[in-house]
There are 2 protein chains.
Amino acid sequence: MENRLDLVFAALGDPTRRAILTMLLEDDMAVTDVADPFAMSLAAISKHLTILTRAGLISQEKRGRVKWCKLEPDALREASVWMQGFGQFEPVNLDDFERFLEAELRE
Amino acid sequence: MENRLDLVFAALGDPTRRAILTMLLEDDMAVTDVADPFAMSLAAISKHLTILTRAGLISQEKRGRVKWCKLEPDALREASVWMQGFGQFEPVNLDDFERFLEAELRE
DNA sequence: GGCTTATTCAACCGTTTGGTTGACGATAAC
DNA sequence: GTTATCGTCAACCAAACGGTTGAATAAGCC
């Protein structure tokens, strides 16, 4: 009974996972490198990554012994469209977005 | 440590709550009427409504003995902006885009 | 082969979530 | 004044969440 929107929104509900997505906006990353800035175990990050994967928000590909994490922004489209049904929100303003990210990362 | 985005996305992660928001898109509703189509207790719906309220997604006002629930779509804006940082999903509003360009060129 | 690095697995733990039921305080209706 | 309706509260429950540790698997390095 769990649909994709449940998984996507629930995944986005955690600040660690949103931070991970933001990091992946820069570039693909190995699991260890994703974990680096966080004050929690590698295993915890690994779990967050599987949650993001199940939601379709990232994909993981193993090359050699390192597993690369890649952002899959298309997974956000369905959620975005759903939200858009409640009104159209300001045209994309990347400056605002930058400020949000900075505010979030400061925590 | 919990910020607004956490609350909004977490609130949207439940299908019952998304259905409630959709219902409220039509019109304001009393708690009992919100609960009506769902196969769960009134108390359960009441809890969902307080979660939506804390996320700012709805507001509740008591008139007489009935409590009216009202959609507050503005609460979605911040989340929408965050998501749009990952790509442009919405059909571009060309008028707004024009204005944006003009504003930029004036600087 | 043997060490090191990368990642997950398994078990555990405390907290939160999403639901139930029954009692309760208001307000409205008769 | 009694009764019915609206909604929340409190206690409880099972399951999921977010984290921890330690062992296990897999791949690269010397």
Side-chain angles (χ1 to χ4, degrees), chain A residues 1-24 27-71 104 107, chain B residues 1-24 27-71:
Chain A
M1 208 74 5
E2 274 226 324
N3 70 26
R4 170 108 343 185
L5 274 191
D6 291 345
L7 296 176
V8 169
F9 280 128
L12 296 180
D14 183 279
T16 301
R17 288 191 292 261
R18 286 200 310 279
I20 291 174
L21 293 178
T22 305
M23 291 164 57
L24 291 176
D27 206 353
D28 298 358
M29 294 178 79
V31 173
T32 306
D33 294 335
V34 169
D36 203 49
F38 296 98
M40 76 181 66
S41 71
L42 188 60
I45 295 294
S46 181
K47 284 188 186 179
H48 281 303
L49 290 172
T50 64
I51 289 174
L52 289 170
T53 300
R54 275 206 266 269
L57 290 165
I58 68 170
S59 59
Q60 291 181 286
E61 184 201 355
K62 193 166 179 180
R63 279 203 300 275
R65 66 179 164 175
V66 353
K67 206 168 183 179
W68 292 90
C69 304
K70 181 177 182 309
L71 189 63
E104 273 230 319
E107 289 169 18
Chain B
M1 205 81 2
E2 275 226 322
N3 71 25
R4 169 104 349 181
L5 276 191
D6 291 345
L7 296 176
V8 169
F9 281 128
L12 296 179
D14 184 277
T16 301
R17 288 192 290 263
R18 285 201 310 279
I20 291 174
L21 293 178
T22 304
M23 291 164 57
L24 291 177
D27 205 354
D28 299 358
M29 294 179 78
V31 173
T32 307
D33 295 334
V34 169
D36 203 49
F38 297 98
M40 75 181 66
S41 70
L42 187 59
I45 295 294
S46 181
K47 284 189 187 179
H48 282 302
L49 291 173
T50 65
I51 288 174
L52 289 170
T53 300
R54 275 206 266 269
L57 289 164
I58 67 170
S59 59
Q60 292 181 285
E61 184 201 352
K62 193 167 180 180
R63 279 203 300 273
R65 68 179 162 176
V66 355
K67 205 167 183 179
W68 293 90
C69 303
K70 182 178 184 306
L71 189 64

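Residue numbers begin at 1 in each chain, while the letters A, B, ... track the order of the sequences. No hydrogens, no waters, no symmetry mates; every other heavy atom, side chains included, goes into these values. Because the structure is a prediction, the values reported are computed rather than measured.
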K.L.:
Could you tell me the separation between the CD1 atom of B:I20 and the P atom of C:dG18, rounded to a whole number of Å?
P.N.:
11 Å

K.L.:
Taking only N and O in the side chain of A:S41, is any of them less than 4.0 Å away from OP1 or OP2 of D:dT20?
P.N.:
yes

K.L.:
If I take atom CG in residue A:L52 and atom C1' in nucleotide D:dG18, what distance separates them, rounded to the nearest angstrom?
P.N.:
13 Å

K.L.:
Once you round it to whole Å, what is the distance between P of D:dA26 and NZ of A:K62?
P.N.:
8 Å

K.L.:
How close or far is atom C1' of C:dT15 from atom CG of A:D14, stated in whole angstroms?
P.N.:
14 Å

K.L.:
Taking OP1 and OP2 of D:dG19, is either one under 4.0 Å from a side-chain nitrogen or oxygen of A:H48?
P.N.:
yes

K.L.:
For a quick check of understanding: with a heavy-atom distance under 4.0 Å over all strands, which category does B:A43 fall into, base, sugar-phosphate or nothing?
P.N.:
base

K.L.:
Return the nearest nucleotide to the side chain of A:V66; candidates are C:dG19, D:dG18, C:dT7.
P.N.:
C:dT7

K.L.:
Figure out the CG/P separation between B:D6 and D:dC17, and round it to whole Å.
P.N.:
16 Å

K.L.:
In this structure, how many angstroms lie between the C1' atom of D:dT21 and the CG atom of A:L42, rounded?
P.N.:
13 Å

K.L.:
Have a look at A:R17 and say if it touches a base, only the backbone sugar-phosphate, or nothing, with a 4.0 Å heavy-atom cut-off.
P.N.:
sugar-phosphate

K.L.:
For residues A:R18 and B:F9, determine if any side-chain heavy atom of one lies less than 4.5 Å from a side-chain heavy atom of the other.
P.N.:
yes

K.L.:
Return the value, rounded to whole Å, for the distance between atom CE of A:M40 and atom C1' of D:dG18.
P.N.:
8 Å

K.L.:
Please pick, from C:dG19, D:dT20, C:dT7, the nucleotide with the shortest atom-to-atom distance to any side-chain atom of A:A30.
P.N.:
C:dT7

K.L.:
Closest nucleotide of DNA chain D for B:K67 versus for A:K47: which of these residues is on the 5' side?
P.N.:
B:K67

K.L.:
Over how many whole Å does the gap from A:W68 atom CH2 to C:dT7 atom P extend?
P.N.:
9 Å

K.L.:
Does any non-hydrogen side-chain atom of A:T32 lie less than 4.5 Å from one of A:V66?
P.N.:
no

K.L.:
To the side chain of B:I51, which of C:dG18, D:dG28, C:dT7 is closest?
P.N.:
C:dG18

K.L.:
Picking from B:L71, B:V34, B:I20, what satisfies side chain to side chain contact (heavy atoms under 4.5 Å, CB included) with B:M29?
P.N.:
B:V34

K.L.:
Between A:E61 and A:D28, is any pair of side-chain heavy atoms under 4.5 Å apart?
P.N.:
no

K.L.:
Want to settle it: does A:R65 or B:V31 sit nearer the 5' end of DNA chain D, counting the closest nucleotide to each?
P.N.:
B:V31

K.L.:
Are B:C69 and B:L24 packed together at the side-chain level, in the sense that at least one heavy-atom pair is separated by less than 4.5 angstrom?
P.N.:
yes

K.L.:
D:dG7, OP1 or OP2 - any side-chain N/O from B:S46 closer than 4.0 Å?
P.N.:
no

